[in-house]
Amino acid sequence: MRIKSAVPKRLQGSVLLMENERGGIRMESMQGGTGSAPAAHHTRSYGSVGDDGPDEEGPPRKVQEEVKVISATRSYLAVAVLCYINLLNYMDRYTIAGVLLNIQSYFNIKDGDAGLLQTAFICSFMLLAPLFGYLGDRYNRKWLMVLAVFVWTAVTLGSSFVTQSHFWLLVVTRGLVGVGEASYSTIAPTIIGDLFTGALRTWMLSLFYIFIPVGSGLGYIVGSSVADITGDWHWALRVTPILGMVGIVLLIALVPEPPRGGADLQGEALKERTSYWEDIKYLLANRSFVLSSLGVTAMAFMTGALAFWTPVFLSHAQVLQGTRVQCTQEPCSNTDSLIFGVVTVVTGIVGVGIGAAVARRLKKSMPDGDPLLCAVGMLGSAPCLYLAMVTADKSIATSYVFIALGETLLSLNWAVVADILLYVVIPTRRSTAEALQITVCHLLGDAGSPYLIGTISDSLRSSYPDSYLWKFRSLEYSFLLLLGMTAGTLIFFFVPEPKRGSADQLGGRLKARTPWICDMRALAKNRSYVFSSLASAAVSFATGAFGMWIPLYLFRAQVVQKSVVACDQEPCSIKDSLIFGAITCVTGFLGVIIGAAATRLCRLKTERADPLVCAVSMLGSAIFICLIFVAAKKSIVGAYICIFIGETLLFLNWAITADILMYVVIPTRRATAVALQSFTSHALGDAGSPYLIGLISDAIQQSYTESILWQFLSLGYALMLCPFVIVLGGMFFLATALFFLDDRDKAEKQLNQLTLSPSSVKV
């Protein structure tokens, strides 16, 4: 997605907001000199249809007037006040989540009903956002915000007096809180956009949005701490209203009402009036705005559910582990809310800071760096959050580590997304754009995700016995479903369908269609493809067996060494699984990166570099995997070192094998080739290797007396099959190297024939 500035061409590159040595703000013209804002009038204003085209719906109704310049000090103070209120905004939003266990116990409600508290808030928030967007583009934004903050603080204070028999009233008051917050969240970013421009605006927005995760985290911290101190969760809802009254005073005293577009137009007040329907049509035709809004929606869906349910989920995990007693009546422990809040605060500061710094650097070399950074943050967070869910019942500390990584990657996006909107939407429509984006992201995102997770959790528990195991499992499975839905949404909207062979033929589209049986015959005759597929099957055989049996083998080794006690009943130690999992993650990253770099260097020496690097790494890996079984008898640390080196060498092949396929198979058959290779590697590899190793181990044990020693030795002897299979795989890669150049040349010739005359291609 390439970002196109919404500022008219005549103004682009001519005006830059600068900061002088005394901290003041001046306007610098690239055509000649500097001066204080406001500058001379421009004859061109923003049109009704955006960008730089003419207004197709009649002449704009505009009035430009000189306005008093807002000083740099006043502008910075205004941002400080807006940040303070944004902090309170998100503190208030997640205070409920911080004391959710107490609320469930107090009202005796299930997960689905508890999720309704957040859904009610978000629904009113999103439904009223368009109204305040309309008002924010046409009326005094400062007084709209004052009214908004007053409403939300008053209603939040009132909700703290709800009694045990009136849960519905708490739901209603949470909905009314959304009325106030809808106005503030919609309008505040547009004021910052009208006070600053350029790089300085990016940093001010970063500062503003850094308080979203910080405020969210403080909501958990303050809410849980106040509930623990007072012994009553109601008091947690009385903190933000008191601080909110201070915010109202600061808002009235220190925040100005800047002219719309003043920062972009050197202080000129832009007073153009367009109808609300014209604004909506303009925004829907703005592809960058639409796609970035859908990206924010996916993020909101995920963060809404995680923020609401994670402390409860982690509490259930600790009860399952036996490290905490089940809470049957309040006050319940709020330790997880406190820790989760601290993690959210720290990751929010780090994530937004990194996001702003990286975005600033990317803009120098990549005009479309902002949305690419957001995409990397979103896609990178998904596996981290998945690992946080699946490790929670084994190690809370490990789960928190992955939560921290996932939240940091998610937080990269906050300020960058807002900056994208300000770049691609003209000032007179920014409040409407903010409102529409908020409506969409909450309507399709966090308005329903907390309630959806609670409902799915209740449905799963109804099919199984009412136990703490299924209280935990039901939430875990609900979270995993959520991550899958989010990943699917991202793929649907952001993964393109490239033209087959477009990279090979500079955009030439290949439309030749061949029967599936012809494709299979061609692949069976492709010697490089066949041998590399057999080599992949060898890799799959070894990794499948290792992934299944190595943690158990190492545990038995420690039992033989008498450093741990044999497990007769659960829960058994899972330390070796965690260590092996961590090693696999690290060696996976290292192996793939080293493999790609080594192949790139070796291609300078020989054109057969790809299969030769794979062959050498496979043969080297076999040596260290053999050493695992020698070292495990004496030293677990030595065994782990051999595992680390062996896996790193084994993982060198992943990306290279795929690249070999791309070289020797024409574009119109690549999907079939990948599918057949996947089938072969699993059918001959990890589909049977775990079971085969188990059978061999059992057969060896039957020949000897049943003992811990022979449980260890028999599994080790069975796993010794893996190095021999790996060596065989190395031989297959050497065979691939023999035919690689010939098969690559054939593929290139076929590709040329397809491009020039598809009907003449021989299959």
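In this text the structure is predicted, and so the values were computed from the model without any measurement.
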Exercise for the section: Could you list the residues that satisfy side chain to side chain contact (heavy atoms under 4.5 Å, CB included) with S714, not counting sequence neighbours? Expected result: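 Applying side chain to side chain contact (heavy atoms under 4.5 Å, CB included) to S714 gives S697, I700, Q701.
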Practice task
Can you sort out the partners of V616 under side chain to side chain contact (heavy atoms under 4.5 Å, CB included), two or more places apart, ordered by chain and number?
Solution key: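 By the side chain to side chain contact (heavy atoms under 4.5 Å, CB included) rule, V616 matches no residue at all.
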Smallest separation among heavy atoms of [X] and [Y], with atom names:
X: S293; Y: Q437; value: OG-NE2, 3.1 Å
X: A538; Y: V725; value: CB-O, 3.5 Å
X: N526; Y: V664; value: ND2-O, 2.7 Å
X: A524; Y: V530; value: O-CG2, 3.6 Å
X: F739; Y: A735; value: CD1-O, 3.2 Å
X: A433; Y: V425; value: CB-CG1, 3.9 Å

Are [X] and [Y] packed together at the side-chain level, in the sense that at least one heavy-atom pair is separated by less than 4.5 angstrom?
X: D743; Y: V665; answer: no
X: Y691; Y: M548; answer: no
X: L552; Y: R556; answer: yes
X: T587; Y: L590; answer: no
X: L734; Y: F531; answer: no
X: L372; Y: V376; answer: no
X: I403; Y: S399; answer: yes

Any donor-acceptor N/O pair, [X] side chain to [Y] backbone, under 3.5 Å:
X: Y529; Y: Q677; value: yes
X: S678; Y: V674; value: no
X: S621; Y: G646; value: yes

Handout entry: Chi angles and distances behind the side-chain hydrogen bond (donor to acceptor under 3.5 Å, both in side chains) call for D610, T599
Key = CA-CA 6 Å; D610 292 51; T599 305; 5.4 Å; no
To the nearest 0.5 Å, what is the distance between [atom1] on [X] and [atom2] on [Y]?
X: E407; Y: S381; atom1: CD; atom2: OG; result: 10.0 Å
X: L692; Y: F541; atom1: CG; atom2: CZ; result: 5.0 Å
X: I660; Y: R744; atom1: CD1; atom2: CZ; result: 11.5 Å
X: L738; Y: R527; atom1: CG; atom2: CZ; result: 9.5 Å
X: K746; Y: L741; atom1: NZ; atom2: CG; result: 12.0 Å
X: L379; Y: L409; atom1: CG; atom2: CG; result: 10.0 Å

Problem - From S532, P611, S536, C614, residue fulfilling side chain to side chain contact (heavy atoms under 4.5 Å, CB included) relative to N653 - result: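 The option that passes is C614.
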Practice task
Sort out for me which residue in L650, L619, I623, V539 forms a side chain to side chain contact (heavy atoms under 4.5 Å, CB included) with I726.
Solution key: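 Among the candidates, only L650 passes.
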Exercise for the section: Hey, can you tell me if F740 and Y663 have their rings parallel, tilted or perpendicular (30° and 60° cut-offs)? Expected result: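 Plane angle over 60°, so perpendicular.
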Practice task
Might you confirm whether atom CZ of R603 has over 12 heavy atoms from other residues, nucleotides or ligands at distances under 6.0 Å?
Solution key: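 Yes, because the 6.0 Å sphere around CZ of R603 holds more than 12 heavy atoms from other groups.
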Exercise for the section: Step through it carefully: locate the ring centre of Y553, locate the ring centre of F712, and say whether they are under 6.0 Å apart. Expected result: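 For Y553 and F712, the ring centres are under 6.0 Å apart.
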